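What follows is one structure encoded as structure tokens, with my remarks underneath.
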Amino acid sequence: MLNISNVSKHYEKTKALDDVSFHISKGSCFGLVGPNGAGKSTLMKILASIIHDYTGDVFIDNKILTPEQKEKIGYVPQDICLEEGLSAIGNLSLFGKLYGLTGKKLKLRAIEVLKQINLEKRANDKVSTFSGGMKRRLNIGCSLMHNPDILIMDEATVGIDPQSRNYIFQMINRIKNDGRTIIYASHYIEEVELLCDEVVFIDSGVVVEKGAVNDLLKQYATPSIFIKGTPINLDKMKQYGDVVSKKGGYILSTNEPLQVMENMIAYCREHVIELEQLELVQPRLEDIFFSLTGSELRE
Amino acid sequence: MRAIMITELKKNLQDKGLLFWMVILPILFTVLFIAIFTGNTDETTRKQVIVSIIPGYVVMFVFFIIISMVSTFNKDRDKGMTARFASTPLRPYFYMLGKWLPYMFIVFIQIFVLLLFGKIVYNVPLEQPMVLLILSIFLTFTVTAIGLATAVMVKTENMGLAITQIIALGGAMLSGLWIPHDMMPDFMQTISYFLPQFWAHQAFQDAMAGNINYSDLFQTLLILFCIGVAGFVLAIFRYPVFLKRSVT
Ligand SMILES: Nc1ncnc2c1ncn2[C@@H]1O[C@H](COP(=O)(O)OP(=O)(O)O)[C@@H](O)[C@H]1O
Ligand SMILES: [Mg+2]
């Protein structure tokens with residue numbers, strides 16, 4: 001569906017993207033993960049035909065990306081771009097018209113989208129009276145008006161309340177179920193893990209890893225257990241695997257987590273050690289990203 | 001493009017600042033200066049002063065539209081609106097035209113309202129309404145073209161504000177909108193021949209009095225048109241740079 005092939009982009013001094021290549025298949029929810037300044041927005045703007053001076057190629061359905069393909073793409077910018085003086089309906093209509101919708105069709109579509117973004121009650125209120133979360137939702141709504149095959153979302157949940165975030169997640173799931181392709185750029189890796197089936201990790205403009213979320217988790221994450229209690233003997237734990245301290249306890253990586261847990265329980269009972277916490281740790285994308293790049297996603 | 005036009009017009013109609021700059025302030029100025037200059041003069045001088053001041057302030061205040069034009073283009077650019085529109089099928093030059101046309105309309109209405117005010121309150125003559133109409137359209141084109149060029153060229157709104165002051169106030173001073181043209185020093189008179197304000201002011205006065213001759217009118221229209229076209233060409237030429245800056 002979407003092929004990105006050896007794409008590089010320089011700003012005056014910075015190299016924002018360095019030979020980026022990957023493939024996005026139709027109907028997938030694709031996560032683009034990286035810390036601030038990684039080059040996510042730059043790549044999104046290239047896909048949205050906003051930036052033209054890059055090297056490399058972008059193909060949609062095996063055709064080179066051209067202005068004629070704009071109709072296939074809905075772009076949700078990182079910053080909220082709305083006409084503050086217009087109502088929710090007014091903004092939706094504006095964008096609908098830019099994609100050639102008119103008359104009754106436009107009206108019906110605007111009402112449909114309003115329902116999707118859960119702003120029916122505020123349809124005729126000016127955007128300047130909206131909360132941050134409502135603006136974010138409308139920001140997404142505007143790019144849905146023309147029913148794009150591919151929806152590009154750049155940091156769609158930055159700075160919003162949990163309720164709006166939930167609405168947005170529900171929306172994304174619905175769009176996913178419609179068989180549309182979603183590209184979701186974010187530095188919130190938990191969101192990507194929750195929503196996306198495939199990911200690309202990007203750091204300083206370079207792709208560090210890509211693949212299906214489940215495959216990556218299988219490939220990289222060694223099972224581990226978390227132990228917290230005093231006084232635990234560090235050397236004893238090191239018999240079973242690598243140990244790192246975290247959140248006042250220890251993470252112990254091992255290929256036989258259940259066996260190790262049993263052993264630890266026996267050990268604690270024998271030495272009368274008070275265990276505060278002992279649990280299996282699910283592998284997380286965040287840890288994989290950290291181990292690959294050495295950078296934390298959050299500052 | 002129509003959608004952009006309508007949005008722009010709506011935004012401006014909601015904008016009370018625009019009403020103030022474009023209509024209320026010029027009316028206040030007109031009333032004030034007519035009161036000052038006609039305080040103790042005889043009836044004929046009074047009439048002369050009024051017939052000069054009213055078109056004078058029309059020609060001066062139409063240029064304040066540049067402020068609004070600079071503001072709307074710069075806000076769109078800095079908010080990312082221009083970039084977002086670039087992701088839609090809207091063609092970039094249509095975006096520019098769509099944002100420009102409403103200002104043609106606004107300035108035209110402004111001239112109409114200010115002349116109407118002169119007619120109702122001071123009973124100024126409007127002897128050649130058709131000529132005034134054509135003049136108004138040409139002046140509107142010139143002003144908004146200069147506005148468009150300024151809007152796509154400046155980096156900040158404050159810079160635009162400064163340039164507007166220079167164009168509007170400097171032009172007014174040098175073109176004899178404040179003091180009678182023949183009382184100005186020679187060098188200023190010479191400069192004035194290069195300014196659209198001078199030509200527009202003269203032509204408006206003559207057309208109001210009903211004694212414009214057609215070769216003068218034609219000359220004035222040609223000058224206004226050429227300055228407008230120059231502004232437009234400059235705007236088109238500089239527009240890609242504006243677009244480039246909008247992608248941040
Ligand atoms: N318009 C621009 N001019 C110069 N440098 C830029 C511009 N936009 C982004 N950059 C730089 O390019 C890099 C990538 O930025 P961006 O794509 O916004 O990253 P992200 O969205 O992942 O935070 C950063 O180092 C940023 O400073
Ligand atoms: Mg970004």
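Sequence lines set the chain letters: A, B, ... in the order given, protein chains first and strands last, and positions in each chain run from 1. What you are looking at is a predicted structure, and each value in this text was computed from that prediction instead of being measured.
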Original post:
At their closest point, which heavy atom of A/Tyr75 faces which heavy atom of B/Arg84, and how far apart are they?
Top reply: O-NH2, 3.4 Å
Original post:
What pair of heavy atoms forms the shortest contact from A/Glu71 to B/Pro89, and how long is it?
Top reply: OE2-CG, 3.6 Å
Original post:
Short question: side chain of B/Lys79, backbone of A/Glu83 - any donor-acceptor pair under 3.5 Å?
Top reply: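 Side chain of B/Lys79 to backbone of A/Glu83, a donor-acceptor pair under 3.5 Å: no, none is there.
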Would you say [X] has more than 12 foreign heavy atoms packed within less than 6.0 Å of its [atom1]?
X: A/Lys72; atom1: NZ; value: yes
X: B/Lys11; atom1: NZ; value: yes
X: B/Lys119; atom1: NZ; value: yes
X: B/Phe225; atom1: CZ; value: no
X: B/Phe112; atom1: CZ; value: no
X: A/Asn62; atom1: CG; value: no
X: A/Arg174; atom1: CZ; value: yes

When rounded to the nearest 0.5 angstrom, what distance separates [atom1] in [X] from [atom2] in [Y]?
X: A/Ile50; Y: B/Thr88; atom1: CD1; atom2: OG1; result: 9.5 Å
X: A/Leu98; Y: B/Phe94; atom1: CG; atom2: CZ; result: 12.5 Å
X: A/Glu84; Y: B/Met81; atom1: CD; atom2: CE; result: 9.0 Å

Original post:
Is chain B contacted by the side chain of A/Ser143, its backbone, both, or neither, given a heavy-atom distance below 4.5 Å?
Top reply: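 A/Ser143 touches chain B through backbone and side-chain heavy atoms alike.
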Original post:
Top residue by heavy-atom pair count (under 4.5 Å) with chain B, among A/Asn139, A/Leu86, A/Ile80?
Top reply: A/Asn139
Subject >> Leading residue by heavy atom contact count with chain B [cutoff under 4.5 Å; candidates A/Gly90, A/Gly74, A/Gly85] >> reply: A/Gly85
